[in-house]
Amino acid sequence: MNQATAKKEISVADLTVTITEEIHVKAGLEETFEALLEQIGEGNSKPDGTAMPMKLEARPGGRWYRDLGNDNGHYWGTVQAINRPTLLEITGPLFMSYAAVSNLQYRLSKVDGGTLIKFHHIALGLIPDEHREGMGKGWKHIHEKVRQRAEGKQGASFKR
């Protein structure tokens with residue numbers, strides 16, 4: 001059999017990525033949810049600190065995208081479900097410009113000392129290894145910024 005006809009066995013693991021994370025935030029549920037919306041929206045940045053503002057239409061069917069102006073940009077997903085302040089679910093290709101789709105779930109709950117965010121990212125498709133490796137780092141960066149933003153809001157509300 002030559003290389004042109006050789007077939008590689010592809011498993012479900014080769015076609016999926018699953019990332020889960022729990023983020024403990026020392027802020028109230030409402031402040032944390034608003035911080036999440038701000039961070040993945042206009043306050044978004046890359047792990048190197050470069051600003052990468054996004055647009056998030058925080059309603060069912062709303063778009064999540066990067067607006068580059070003049071009707072240029074990148075579509076990331078659609079709000080599948082939102083139940084303020086406990087649930088945000090988005091489905092779409094995210095940053096992937098190839099045959100792939102993702103589902104993101106943010107479930108927030110009140111816990112002693114603040115809020116717990118349970119995050120799940122499940123992706124299905126032909127995802128290159130370099131993207132698989134960078135996903136966890138990117139989400140950790142975003143979630144740390146959400147935590148900092150929410151805890152800053154909490155501190156600001158105590159100062160009033």
Side-chain angles (χ1 to χ4, degrees), residues 1-25 29 32-68 72-111 114-150:
M1 184 183 310
N2 66 36
Q3 279 187 322
T5 59
K7 292 183 180 179
K8 178 187 175 210
E9 291 286 326
I10 296 177
S11 71
V12 171
D14 293 328
L15 295 173
T16 59
V17 174
T18 301
I19 298 171
T20 59
E21 189 176 348
E22 290 191 353
I23 305 99
H24 296 268
V25 182
L29 206 50
T32 302
F33 193 80
E34 285 305 313
L36 171 63
L37 296 180
E38 290 171 12
Q39 186 61 46
I40 67 172
E42 293 293 331
N44 194 44
S45 63
K46 296 178 183 179
D48 68 5
T50 304
M52 194 177 95
M54 305 283 287
K55 301 283 186 183
L56 175 63
E57 300 167 345
R59 64 179 183 275
R63 298 169 298 162
W64 186 33
Y65 64 100
R66 185 159 183 214
D67 184 0
L68 299 175
N72 294 305
H74 306 276
Y75 170 77
W76 279 43
T78 301
V79 175
Q80 186 170 328
I82 185 167
N83 187 4
R84 296 168 192 267
T86 60
L87 174 68
L88 177 63
E89 188 171 352
I90 297 173
T91 188
L94 303 181
F95 53 84
M96 299 179 271
S97 294
Y98 40 83
V101 68
S102 290
N103 177 269
L104 301 180
Q105 293 180 1
Y106 286 95
R107 295 187 181 277
L108 290 74
S109 58
K110 192 174 187 174
V111 294
T115 300
L116 174 64
I117 303 172
K118 290 185 178 181
F119 170 77
H120 299 279
H121 175 191
I122 300 169
L124 172 67
L126 302 172
I127 303 165
D129 289 339
E130 60 271 12
H131 283 172
R132 289 173 184 274
E133 293 164 10
M135 284 182 194
K137 180 181 176 186
W139 290 125
K140 283 191 182 304
H141 164 75
I142 288 170
H143 299 152
E144 177 59 17
K145 291 294 188 182
V146 169
R147 187 191 63 73
Q148 291 172 1
R149 187 179 292 268

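Keep in mind the model is a prediction, meaning the values are calculated, not measured. Keep in mind that the numbers below use all heavy atoms, side chains included, and drop hydrogens, waters and symmetry copies.
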Query raised in the report: Given Thr32, which of Leu37, Thr115, Ile23 fulfils the side chain to side chain contact (heavy atoms under 4.5 Å, CB included) condition?
Result: Thr115
Query raised in the report: Is any side-chain heavy atom of Leu68 less than 4.5 Å from a side-chain heavy atom of His74?
Result: yes
Query raised in the report: Do Ile117 and Val146 touch side chain to side chain, with heavy atoms closer than 4.5 Å?
Result: yes
**Report entry** Point-to-point distance, once rounded to the nearest 0.5 Å, from CZ of Arg132 to CD1 of Ile19
**Finding:** 10.0 Å
Query raised in the report: Taking the side chain as C-beta and beyond, is there a heavy-atom pair between Glu57 and Val79 under 4.5 Å?
Result: no
**Report entry** For the student: nearest non-hydrogen atoms of Ser45 and His141, plus distance
**Finding:** OG-NE2, 3.0 Å
Query raised in the report: Under a 4.0 Å N-O cut-off, is there an ion pair linking Lys55 with Glu42?
Result: yes
Query raised in the report: What's the shortest heavy-atom distance between Asn44 and Met54, and which atoms?
Result: ND2-CG, 3.6 Å
Report summary line: Output for pair (Lys140 NZ, Glu21 CD), nearest 0.5 Å, gives 4.0 Å
Query raised in the report: Quick one: side-chain hydrogen bond (donor to acceptor under 3.5 Å, both in side chains) partners of Asp48, sequence neighbours excluded?
Result: Thr50
Query - Spacing of CG belonging to Leu56 relative to CD1 belonging to Ile40, to within rounding of 0.5 Å - result: 5.0 Å
Requested in this report: Could you list the residues that satisfy side-chain hydrogen bond (donor to acceptor under 3.5 Å, both in side chains) with Ser97, not counting sequence neighbours?
Outcome: none
Query raised in the report: Which residues pass the salt bridge (charged side-chain N to carboxylate O under 4.0 Å, His left out) test with Arg84, sequence neighbours left out?
Result: Glu34
Query raised in the report: Which residues satisfy the ring pair (Phe, Tyr, Trp, His ring centres under 6.0 Å) test with Tyr65, sequence neighbours excluded?
Result: none
Requested in this report: Go through the structure and list residues passing ring pair (Phe, Tyr, Trp, His ring centres under 6.0 Å) with Tyr106, not counting sequence neighbours.
Outcome: Phe119, His143
Report summary line: Scanning both residues in full, the closest heavy-atom pair of Ala51 with Pro53 reads C-CD, 3.6 Å
Report summary line: Sorted by chain and residue number, the ring pair (Phe, Tyr, Trp, His ring centres under 6.0 Å) partners of His121 (sequence neighbours excluded) come out as Trp139
Query raised in the report: With Thr78, which residues qualify under side-chain hydrogen bond (donor to acceptor under 3.5 Å, both in side chains), at least two apart?
Result: Tyr75
Requested in this report: Could you tell me which residues satisfy side-chain hydrogen bond (donor to acceptor under 3.5 Å, both in side chains) with Asp129, sequence neighbours excluded, listed by chain and number?
Outcome: none
Query - Residues which pass side chain to side chain contact (heavy atoms under 4.5 Å, CB included) with Pro60, listed by chain and number, not counting sequence neighbours - result: Ile82
Report task. Please name all residues satisfying salt bridge (charged side-chain N to carboxylate O under 4.0 Å, His left out) with Glu144, sequence neighbours left out, ordered by chain then number. Result -> Arg147
Query raised in the report: Between Pro128 and Leu126, what is the shortest heavy-atom contact and its length?
Result: CD-O, 3.5 Å
Query raised in the report: Measuring from Gln148:CD to Gln39:CD, what's the distance to the nearest 0.5 Å?
Result: 8.5 Å
Per-pair distances, 0.1 Å, donor-acceptor, side chain in residues 85-92, under 3.5 Å, sequence neighbours excluded:
residue : atom : partner : partner atom : Å
Thr86   : OG1  : Asn83   : O            : 3.2
Glu89   : OE2  : Asn103  : ND2          : 3.0
Thr91   : OG1  : Ser102  : O            : 3.1

Query raised in the report: Are any non-hydrogen side-chain atoms of Leu104 and Leu94 less than 4.5 angstrom apart?
Result: yes
**Report entry** Residue pair Ile127 / Met135, side-chain heavy-atom distance below 4.5 Å
**Finding:** yes
Query raised in the report: What heavy-atom pair brings Ala150 and Val25 nearest, and what distance separates the two atoms?
Result: CB-CG1, 3.6 Å
Requested in this report: Just grab all the ring-ring contact (aromatic ring centres under 6.0 Å, His included) pairs involving residues 36-63, residues at least two apart or on different chains.
Outcome: none
